[in-house]
Amino acid sequence: MNYSFGVPGGAWTATILGIALLVLCILEHQALARVTVTSRRRVLRLLRWGSALVAWLVAVQPTQTGPQVHESEGRVVLLIDDSRSMSIAANGEPRAAFVPELREGWERSSFVDVRRLAAEMSPVTAGESLAFDGGDSRIGDALGSLRAEGNVGLVVLVSDGAETGAEFVADGDDAQRIITVPAGPTEIRDDAIADLEADPVAFLRQPALIRVRVRRLGARGTIPVQLIHDGVVVQERVANVDELGEGEVVFSVVPRALGRDVFRVAIPLGDDEAVSENNTRDLMIRVMRDRLRVLLVAGRPTWDVRFLRAFLERDPSIDLISFFILRTTADMANADPDELALIPFPTDELFREHLGSFDVIFFQDFDFEPYDMASYLPGIARYVQRGGSFAMIGGIGSFGSGKYAATPLASVLPVEFDDVSRPERGVRSEHFAPQIADAFAQHPMIRLVDDAGANAALWSNLAPLAGVNQLRSAKEDAQVLLRHPRDGTPVLASASVEEGRVIAFAADSSWRWGMTSAGETGDASVHARFWDRTLRWLARDPVLEPARLTSDQERYSPGARMEVRGVLRDERYASLPRDEEITLELRLDDEVVESRRVELDAGDALSLSMEAPQSPGVYHLVAHGPDGDLAEEPFVVDGGGVELADVRVRRDYLGRIAEASGGQLMEPGDLPSDPALLDRTRRSVRGSVRRAVFANPFLVTALVLLLGASWWTRRRWGQS
Amino acid sequence: MSRYWVAALILGSLAPTAPAGAFGEATAVEIRCVVVGNATDPHTPEAARRLAWETRQRTSVDTELRSRAIRLDAAELFQSPLLYWRGDAAFAPLSEAEIVGLRRFLQFGGFLLIDDAAPDGNDGFDTSIRRALRRALPTSPLAPLSSGHVIYRSYYLVDRPVGRRRGPASLEAVVLEERVAVAYGRHDFGGAWARDNLGNWLFNVAPGGDRQRELAIRFGVNVVMYALCLDYKDDQVHAPYIMRRRAGTP
């Protein structure tokens, strides 16, 4: 309520009038001192002061302004928290044990609506049972939604206060009162993994931190925490629980594979704990590369080697290790060794000790025989099979000219070729313009610009290549991207080999796509574009994969909403036939738990919403086509989740909700069996009202009477 | 002939031959000679051929043993990234097409070795070269090249440039995007490299004689190796080896 004065000038005028009347009263008070009879003096003074006060009130017109409250009888909403935390048992009884009996009595009333509350609020029909298995309890959101319903006067919230969304904030004009009914005892014994936090992105072979916060209720001491990876305990720490019942440990892990990596954190489960699901949680880390580690080995300096190395070195995201053979046994340097800036070729260091640390290995015009490399080639083949990437680039020392056909590298290369007795017999030296293989025109190594017509023009305007290694054919599972125009033999081919990737590029003059083409067309970019795409394809850049899937989060509560996005193309990067079935599967431990057909849009993209499984675990989203799996992405469904991370009954939060709404917190046993006994008046504010507090005839009458009495007594007692 | 040369002849005949060209002449490294105006100089192509031969003999680089003349306004300018420009007299200002050709050649990745063969005190060629480079690359002037630059250790460990003349202690260079695109010396390198058809050296080398000639050849090989490898020798993995070896060099 606000107060003001109705007299023109408001408080100022009222004050001035008040002061004036006060002064007059004081003067009159002093003048009446000459009245000798005490009783008469008191009466006269009382009449003076009373008259002045009433006159002032009548003159200044005090006014009260406040909301105009409309009261009506509203409906009652019995809002029951249906989340998993309500099923927690204490003293052998779940928290929500009293709810069925309460509902039975209340549902008979015509003015009571029963609703369930979890991630969203929804009605409950009479007789429908509640499972208390919701993944979230968004109390604030639900109460906010009820605020907008115009016929609800009272909300009775039955909950343990385990808020997983934004907390309720009262609006000063709330028409509804809220009675909160805490479910569950205050005292509870439980250890829980309260929170898991990891670096949002971890880098391959770089330490990443996992922070674990644990909470202990109803006991003291320490909690041992285990970190588990691939079913094996890899680290263990001990958390010291403080006076608030919380403790923290930090693990450091070094990821060894790209993509999503899953860890599990576990604490022991005591016999007396209320909840078991919050003693383990799965964590997913997204592993990326910070820098690509590339090894370039060249058999001799050539222009092609020079321009490729310059391209690789320019890229700040690449750690380049390069070795060029500057001198062979046949070269006569005509100098003592200490006059030469040459170092031994560290074959053992590169191809045994550090082989696995490279992401991509290039052999460019490199003949292995003079350097006793034969014993290292099987290791390089295994490196590819285990996930490494390898590229052989042409020259007199490559492919058949380099006598690789009889080596283990031939088994991983995507092309067939024959060893030759004289290296020059394994090459052709004429200039030629390679042809794009139509089947793989969409491959990112060939599709250098988006527009197909512009891309074709780009390739047709390139300077011709000078020379090519003789290759017989491509292997069955290889992708031939460029062919020789004369006989169709492969010039550029790619393939996946078990976990790894390889390319064979039978030319050693791609540098001409840079400098020479630039001299003719002004465009020097094609060399860099081509090698950028090639390197990123070898390194499995997700953006260049023909099919990819992703979920909006890496971890979900059971039943939570998931958004799935993806692009699905075949291995030729062409659109999948629309008349063939494409399914999205949900797999747990290689078992399909859910499958649905999906439709792709014109851009080969898919987009859908779905519900996370109810059971905790590590799941895989798999896009499956007629020829097999197209793309895959893991995610975790949390066992305990945020919902069970804190199992305390939040009486403080429930109390604040009740107080803020003008309601009250009531124990379950205090709720009446008949809801009609509760005040369900809906008080809604409809504008404001102004009321002159003393604007009534009685005050004016009183003023007249006081003034009259004052005049009469003065006359009667001889006072003028 | 030096004893090293004799040994080279003997051993060279016995050692297994290196494989023939990369893809033959298609990708072998050619040192082409820049021609401007109507100037013809029979010694420059010979010097380039000799440098190519020395590079082929001493290193794994496969070189083209012929050296074609090329004009800076020729369409074929971009077929090979290495040019050699030797002169001993002033020349007329280059045409605009030649300036554009030179600029594009260098900016697209080409390397140019400029060799002032004029006698001491004759600045005609020097003046003309500086004028041409200023026009072609006005924002990238010639500047002295540090004695620690990788060009001095790209193959041989050399302390300074030398040619037929001992000349200045350092090269001058134009650097584009951390790469030496133009290396300029006033030492008449080609004069130290060139032989006649009978294999006799065309010019005497002074004051260091045969040793200076050998160092001039080594420097030339370093230039070719730098053009092909750029700062490869600066790679961290090589630095400790080279630093240890430098400490032992007199």
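In what follows, chains carry the letters A, B, and so on, assigned in the order in which the sequence lines appear, proteins first and then strands, with residues in each chain numbered from 1. The figures here come from the full heavy-atom set of this structure, side chains too, leaving out hydrogens, waters and symmetry mates. None of these values were measured; they are calculated from a predicted model.
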Discussion item. Applying ring-ring contact (aromatic ring centres under 6.0 Å, His included), can you list everything that pairs with B/Phe105, at least two apart in sequence or on another chain?
Written reply: none
Discussion item. For the backbone of B/Phe78 and the side chain of A/Arg512, can you confirm whether one donor and one acceptor N or O come within less than 3.5 Å of each other?
Written reply: no
Item to complete: Check for a donor-acceptor pair, side chain of B/Ser60 on one end and backbone N or O of A/Arg300 on the other, with a separation under 3.5 Å.
Response: no
Practice prompt. Flag the pair A/Leu340 / B/Arg58 as yes when at least one side-chain heavy-atom distance between them is below 4.5 Å, and no otherwise.
Written response: no
Fill in: Heavy-atom check, side chain of B/Asp235 versus side chain of A/Glu313, under 4.5 Å
yes
Fill in: Spacing of CD belonging to B/Gln79 relative to CH2 belonging to A/Trp303, to within rounding of 0.5 Å
13.5 Å
Discussion item. Which atoms of A/Val468 are under 4.5 Å from chain B, going by heavy atoms: the side chain, the backbone, both sets, or neither?
Written reply: backbone
Response to the item:
Max heavy-atom pairs within cutoff under 4.5 Å with chain B, candidates A/Arg422, A/Met515, A/Arg327, A/Arg428, goes to A/Met515
Fill in: Interchain contact, A/Ala524 with chain B, by part (heavy-atom threshold 4.5 Å)
side chain
Discussion item. Return the CZ to OH distance between A/Arg306 and B/Tyr226, rounded to the nearest 0.5 Å.
Written reply: 8.0 Å
Worksheet item: CG/B/Leu77 to OG1/A/Thr516 distance, rounded to the nearest 0.5 angstrom?
Response: 10.0 Å
Worksheet item: Which atom pair, heavy atoms only, marks the closest approach of A/Phe307 to B/Gly109?
Response: CZ-O, 4.1 Å
Fill in: Contacting region of A/Asn469 [heavy-atom separation from chain B under 4.5 Å]
both
Fill in: Heavy-atom pair of closest approach, residues B/Leu230 and A/Arg309
CB-NH1, 4.5 Å
Item to complete: Could you tell me whether A/Arg533 atom CZ has more than 12 heavy atoms of other residues or ligands within 6.0 Å of it?
Response: yes
Worksheet item: Does a sphere of radius 6.0 Å around CG in A/Asp348 hold more than 12 heavy atoms from other residues, nucleotides or ligands, not counting ones at 6.0 Å or beyond?
Response: yes
Worksheet, complete the sentence: Between B/Arg153 and A/Ala341 the two heavy atoms that sit nearest each other are O-CB, 3.2 Å
Practice prompt. Could you check if a side-chain atom of B/Tyr155 sits within less than 4.5 angstrom of a side-chain atom of A/Leu342, using non-hydrogen atoms only?
Written response: yes
Discussion item. For A/Phe324, is there any backbone N or O sitting under 3.5 Å from a side-chain donor or acceptor partner on B/Tyr232?
Written reply: yes
Discussion item. Under a 3.5 Å cutoff, is there a donor and acceptor pairing between the side chains of B/Glu214 and A/Asn334?
Written reply: yes
Worksheet entry | Distance, nearest 0.5 Å, that separates CG of B/Leu215 from CD of A/Glu339 | 8.0 Å
Worksheet item: Atom CG in A/Asp304, atom CG in B/Leu228: separation rounded to 0.5 Å?
Response: 11.5 Å
Discussion item. What I want to find out is whether A/Arg314 reaches B/Glu177 closely enough, with some N-O distance under 4.0 Å, to be called a salt bridge.
Written reply: no
Discussion item. Side chains of A/Asp331 and B/Gln57, heavy atoms from C-beta outward: is any pair under 4.5 Å?
Written reply: no
Worksheet item: Does CG in A/Asp372 sit with more than 12 non-hydrogen atoms of other residues, nucleotides or ligands closer than 6.0 Å?
Response: no
Worksheet entry | B/Asp231, part contacting chain A, at a heavy-atom distance under 4.5 Å | both
Fill in: Test side chain to side chain contact (heavy atoms under 4.5 Å, CB included) applied to B/Met225 and A/Leu326, step by step
CA-CA 9 Å; B/Met225 198 61 83; A/Leu326 302 185; 4.0 Å; yes
Worksheet item: Checking B/Ile217 against chain A: side chain, backbone, both or neither under 4.5 Å from a heavy atom?
Response: neither
Fill in: Part of B/Ser80 within contact of chain A (heavy atom distance under 4.5 Å)
both
